Amino acid sequence: MDHPVTRLLLVPKPGSCDPETPLAQVVLRYQAAGSDEFNDMQQVLFSHVDVAALGGEQAVAAVGTPLAIGLPVALERPRSRGRLSLASADPRIQPLIELNFAADPEDLRRLVEGVHLAWRIAHEPEIARHVKRVALLTEDAMSSDEALARYVHATVTTQFHPCGTARMGPSGDPMAVVDQYCRVREAQNLRVVDASVMPTIPRANINLTCIMIGERVSDWMRGRGLGPRPAPAQARDSPHTGGRRDPVDRWPGEGQPVAGVALVWPRSRTATPAPPLGRSRSGAGREVGPRVQPRPPTTCGSRHPPTRDMTTVLTP
Ligand SMILES: Cc1cc2nc3c(=O)[nH]c(=O)nc-3n(C[C@H](O)[C@H](O)[C@H](O)COP(=O)(O)OP(=O)(O)OC[C@H]3O[C@@H](n4cnc5c(N)ncnc54)[C@H](O)[C@@H]3O)c2cc1C
C-alpha cells in the first residue's frame with residue numbers, strides 16, 4: 001500500500017515563488033464526495049516545487065518553469081493494492097515492486113475529483129493573484145473525464161508511504177506475516193517492527209505511526225507497558241506454531257532473548273522530557289503530552305520521481 005498522489009503545477013507570477021519559504025504551509029484533509037471513507041483525501045499547498053526533480057529538463061520544458069507552485073492531490077485510503085515479490089532467492093537482488101496506483105475505478109474517480117477541487121483552489125482570488133497559469137491542464141481538459149483520467153494515470157506517483165508488505169493479522173489469515181505483537185509467525189524470536197506490518201494504510205503521512213510502532217514494541221521487548229499478565233487459561237493452540245501452545249499466555253518477549261528486527265527512532269532525537277500532565281513548562285495552562293523538538297521542514301513532494309513522460313499527458 002501507499003498513498004498515490006497526482007498534482008496541479010501552477011506557473012507563478014514573478015516574485016511569487018520563494019524557495020526560501022517553508023515548502024508545505026497548508027494541508028487540507030477532506031472526504032471525497034460519494035466516498036464512504038472519512039478523510040480519505042489530502043491536498044497540500046507547496047510553495048515551491050523543483051520541476052526538474054519531478055521529470056528532468058523535459059518536465060521543465062512541458063511545465064514552462066523550473067520552479068512551480070504545487071497542489072498535490074493524495075488519496076489517503078486507496079482501494080488499489082500493489083505487490084511486492086521476490087525476483088530471486090538471492091537476498092542481494094532487489095525485489096519486484098508493482099505500485100498499481102489508481103487501478104481501482106473508485107481510486108481514479110476520487111483522484112479526478114481531487115484535481116477538480118485543486119483547480120478550483122488554484123482559481124480562488126488569493127491564489128490566482130500569484131499564478132500566471134495552470135501547467136499541463138486546460139479548461140477543455142477539465143471538462144473531459146477521459147482527459148483527466150489520462151492526466152491522473154500519467155502523473156500519479158508515490159507519496160513515499162509504502163507499507164503493509166509484511167502485515168499484521170490474526171492466526172487464521174494466511175497473508176498475515178506477524179501477529180499482534182509484531183512477532184513473525186512460525187519463527188522464533190523474530191520481529192518485524194516498521195511500516196511493513198501495518199494491516200492497512202493510515203489516512204495521514206505515516207512517519208508518526210512508524211515511530212509509535214517502534215516505541216510500543218521496544219517497550220514490550222523490555223517488559224514495559226504490558227498491562228496485567230494474561231491468565232494461562234487464555235492460552236490457545238496455534239496452527240502457526242505447529243500445534244504448540246501459542247505464547248499468548250506470556251507477555252510478548254517474556255523469557256525470550258531480545259532478538260529480531262526493531263527499527264526504533266532514538267528517543268533522544270525527537271522528544272524532550274515532558275513536564276507532568278496538567279501543567280505547562282511555565283506552570284500555567286495545560287500540557288497535553290510530550291513536547292517534540294522542532295525539525296527542519298520536510299522536502300517531501302519536491303523529490304517525487306517521474307513516473308511517466310509528463311509531455312504526453314494531455315490532449316482532450
Ligand atoms: C522523501 C521522503 C519524504 C517523506 N516525508 C514524510 C513526511 O513528511 N511525513 C511522514 O509522515 N512521512 C514521510 N515519509 C515517510 C516516512 O519517512 C516513512 O514512512 C518511514 O520512515 C518508514 O519507517 P520504517 O521504519 O518503516 O522504514 P525506514 O525509516 O526506511 O527505516 C528502515 C531502516 O532500515 C535500514 N536498513 C535497510 N536495509 C537494511 C539492512 N539490510 N540491514 C540493516 N539495516 C537496513 C535503513 O538504513 C533504515 O534506517 C517520507 C519518506 C520519504 C522517502
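Predicted model, so just to flag it, every value in this text is computed and none were measured. Numbering of ligands and ligand atoms starts at 1, following listing order.
- Of the polar atoms of V193, none of the N or O atoms is found under 3.5 Å from an N or O of ligand 1, judged by distance alone.
- The main-chain N or O of P78 is found under 3.5 Å from a side-chain atom of R81 such that the two form a donor-acceptor pair.
- Of all the atoms in ligand 1, the ones that sit under 4.0 Å from a non-hydrogen atom of C210 are 20 (C), 22 (C), 23 (O).
- For ligand 1 and I206, the ligand atoms under 4.0 Å from any heavy atom of the residue are 11 (O), 19 (O).
- Both the backbone and the side chain of A195 come within contact range of ligand 1, each with a heavy atom under 4.0 Å.
- For Q159, no nitrogen or oxygen atom sits less than 3.5 Å from a nitrogen or oxygen atom of ligand 1, counting backbone and side chain alike.
- Side-chain N/O atoms of Y30 and Q43 include a donor and acceptor closer than 3.5 Å.
- Considering only non-hydrogen atoms, atom 20 (C) of ligand 1 lies nearest to N207 out of D194, N205, N207.
- At a threshold of 4.0 Å, the pair R110-E113 does not count as salt-bridged, since none of the basic side-chain nitrogens sits closer than that to a carboxylate oxygen.
- Taking the charged nitrogens against the carboxylate oxygens, E146 and R150 do have a contact shorter than 4.0 Å, which makes a salt bridge.
- When I213, T165, L84 are each tested for a side chain to side chain contact (heavy atoms under 4.5 Å, CB included) with S196, only one passes: T165.
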